[in-house]
Structure formats: C-alpha cells, structure tokens
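The first residue of the sequence shown is numbered 1, and numbering continues consecutively from there. Note that these values count all heavy atoms, side chains included, but never hydrogens, waters or copies made by symmetry.
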Amino acid sequence: MLNYIWAFMILIGVVYGAFTGKMAEVTNAALDSAGDAVSLCITMIGVMALWVGLMEIAQKSGLIAKLTRGIQPFISFLFPRIPKGHPAREYIATNLIANVLGLGWACTPAGLKAMEELAKLEAERGNPGYALSGEGILADGKKKQNRAGKGGGELPAAANGKSGRVASNEMCTFLILNISSLQLIPVNMIAYRSQYGSVNPAGIIAPAIVATFISTLTAVVYCKVKDRWRRV
C-alpha cells in the first residue's frame, strides 16, 4: 500500500510540474533529496554503530543481565502465565531494555526470538495452531502428515497450518508494548534533528519521555483490562 501511495505522490508532483512549467524545479528537488537521503543514511549508520556497540559492551559487562533480573517483577506482572526461567522472559526483558534506551536496531533480534519462544510455549500448552512451531514439533507434524497420507485420515485444519493459528495473549501484550515503546533516549529523532540542522537536537528528549511514558502506561492498562475480560 505504501508503494502505491508514494507512486501516486510522485506522479502528482511530475504532472503538476509539467502543467505549471516547473519541471526543472521538480528535477532539482529530486536530485537534492537523493543526496540528502545518502547523507542521512551515512549519519544513521554511524549512530547505529555507536549505540549497538554500546549495547554490546553493556551485554558483555553484565549490565544487561543485571537490568534483565531487575525488571523480572515487571515481566511477571505483565506476563503472569509465562513460567519463571522460560527463555521468552529473558528475550522480552532484553527487547524492552533496548527499546527504553532507544536502540530500535538492537531490540529487533531479541523481539523475534521472544516471539519464537512464545510460539513454542503455545505448542507446549497444546495449542493446535502452533503444532508446527519449532524444529522438533515440525518434524512430528510432518510424520503425522505422512501417516495421514497413507490412509490415516486428514489432520485437523489447525494442525496442518491452514487455519487456527491465533496470537496468544502474551504475544499481543508484547507487541503492544513494542508499539508504545517507552524511550529515555530517542536516538533516531536526535539523529534526524541533527542531520537537518536543529540548534538543539537533544531538545526532543523530555517531550519524548513524557509522550512514550503515557503511551506505554496506556498500553499496560489496556493489556491488563483485556486480560481480565478474557478470564471472565
């Protein structure tokens, strides 16, 4: 959909420039924007390298592990049905910490691993929609399909992956927390403001903390209310 929107906007700009005799301005603007895009990418690569490197140092030094243990009560509050010691808890904690520090690039791998572990947890709980999650479970599912093809009957639709796969409560909560994303240091916004000549690029920090705190608080309240409705 975004591709169509961008294509439509470009087409409108070209047509408007042709009818108003400003094609030269449109061409110059396109070339200038291309140069700005390259410059911005170089800036963001530097910022990403800096903060991802700091994240790696924090992880090697044990700081991330200490922070992960420190927010376990918060994890238990938000995800009471995830067993203690389950790998998903560590990945969720790492993802939330990276988000709080504004390291969107660093939090993505942990977020993907968290979703993978949550899917495995649903398979362990016997949710048929996740019967094909994970390598071992996938192998079992293929064996069942082979037996079904030899006269053993068809598998249920949820088991063969055609339907029945529904996001769990924990998955939805984790996704909403990522969308709300409390940030103490909005690295991306600071980099953008610096690139485009802001006098005080870090001036966004206080408003960003307030805005993301409110959005995260709203997300937590929403998740707990929906969880309570689900139990009723």
Side-chain angles (χ1 to χ4, degrees), residues 51-52 54-134 137 158 164-189 204-232:
W51 284 101
V52 171
L54 291 176
M55 187 72 175
E56 187 69 18
I57 293 173
Q59 187 172 7
K60 296 292 185 182
S61 66
L63 178 60
I64 297 299
K66 291 181 180 179
L67 291 175
T68 299
R69 289 194 296 270
I71 68 171
Q72 283 304 312
F74 180 69
I75 300 296
S76 297
F77 170 73
L78 287 175
F79 305 94
R81 288 188 290 277
I82 298 180
K84 290 185 177 180
H86 194 278
R89 295 173 69 96
E90 181 178 352
Y91 289 123
I92 290 173
T94 303
N95 177 271
L96 294 180
I97 291 170
N99 262 324
V100 168
L101 296 177
L103 306 177
W105 310 284
C107 75
T108 300
L112 294 175
K113 292 296 293 183
M115 282 295 188
E116 181 180 327
E117 292 298 331
L118 290 175
K120 291 180 180 178
L121 180 60
E122 289 303 303
E124 293 169 3
R125 289 172 174 171
N127 187 335
Y130 291 85
L132 299 181
S133 299
I137 302 173
R165 196 176 177 102
V166 179
S168 67
N169 186 67
E170 289 82 6
M171 290 178 177
C172 293
T173 300
F174 180 57
L175 180 61
I176 292 173
L177 284 176
N178 269 266
I179 294 173
S180 62
S181 186
L182 172 65
Q183 290 189 5
L184 298 180
I185 308 174
V187 177
N188 289 350
M189 292 303 299
I204 194 68
I205 291 180
I209 291 176
V210 174
T212 56
F213 174 79
I214 293 175
S215 65
T216 301
L217 180 62
T218 303
V220 171
V221 172
Y222 174 81
C223 290
K224 299 307 291 184
V225 169
K226 293 294 289 184
D227 187 39
R228 184 176 293 275
W229 277 0
R230 181 175 178 271
R231 294 182 184 182
V232 174

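- Leu78 CG to Phe174 CZ: the interatomic distance, rounded to the nearest 0.5 Å, is 11.5 Å.
- Counting all heavy atoms, side chain and backbone alike, Leu182 lies closest to Thr216 at N-OG1, 3.0 Å.
- Shown are Leu177, Ile179, Thr173; of these, the side-chain contact (heavy atoms from CB on, under 4.5 Å) with Leu175 is made only by Ile179.
- Lys224 approaches Phe77 most closely through the heavy-atom pair NZ-O, 2.7 Å.
- Closest non-hydrogen pair, Pro186 versus Ala208, comes out as CG-CB, 3.8 Å.
- Within a 6.0 Å sphere centred on CD of Glu90, other residues, nucleotides and ligands contribute 12 heavy atoms or fewer.
- Rounding to the nearest 0.5 Å places CD1 of Ile92 at 4.0 Å from CD1 of Ile82.
- Residues Glu124 and Lys120 are not paired through a salt bridge, judged by the lack of any N-O separation under 4.0 Å between the basic side chain and the carboxylate.
- The stretch residues 177-186 participates, sequence neighbours left out, in no salt bridge (Lys or Arg N to Asp or Glu O under 4.0 Å) pair at all.
- With sequence neighbours excluded, the residues forming a side-chain contact (heavy atoms from CB on, under 4.5 Å) with Ile97 are Ile64, Leu67, Thr68, Ile71, Leu101, listed by chain and number.
- The two residues Lys84 and Arg89 come nearest to each other via the heavy atoms CA-CD, 3.9 Å.
- Note that CD of Gln183 is 11.0 Å distant from CD1 of Ile205, once rounded to the nearest 0.5 Å.
- Residue Asn95 holds its CG atom at 12.0 Å from OH of Tyr91, rounded to the nearest 0.5 Å.
- The shortest non-hydrogen separation linking Arg81 to Arg125 is O-NH2, 2.5 Å.
- How far CD1 of Ile204 is from CD1 of Ile209: 10.5 Å, rounded to the nearest 0.5 Å.
- Residues passing the side-chain contact (heavy atoms from CB on, under 4.5 Å) test with Met171 are Met115, Leu118, Ala119, Tyr130, Ala167, Ser168, sequence neighbours excluded.
- A distance of 14.0 Å separates CD1 in Ile75 from CZ in Arg69, rounded to the nearest 0.5 Å.
- Shortest non-hydrogen contact noted between Ser215 and Ser180 is OG-O, 3.1 Å.
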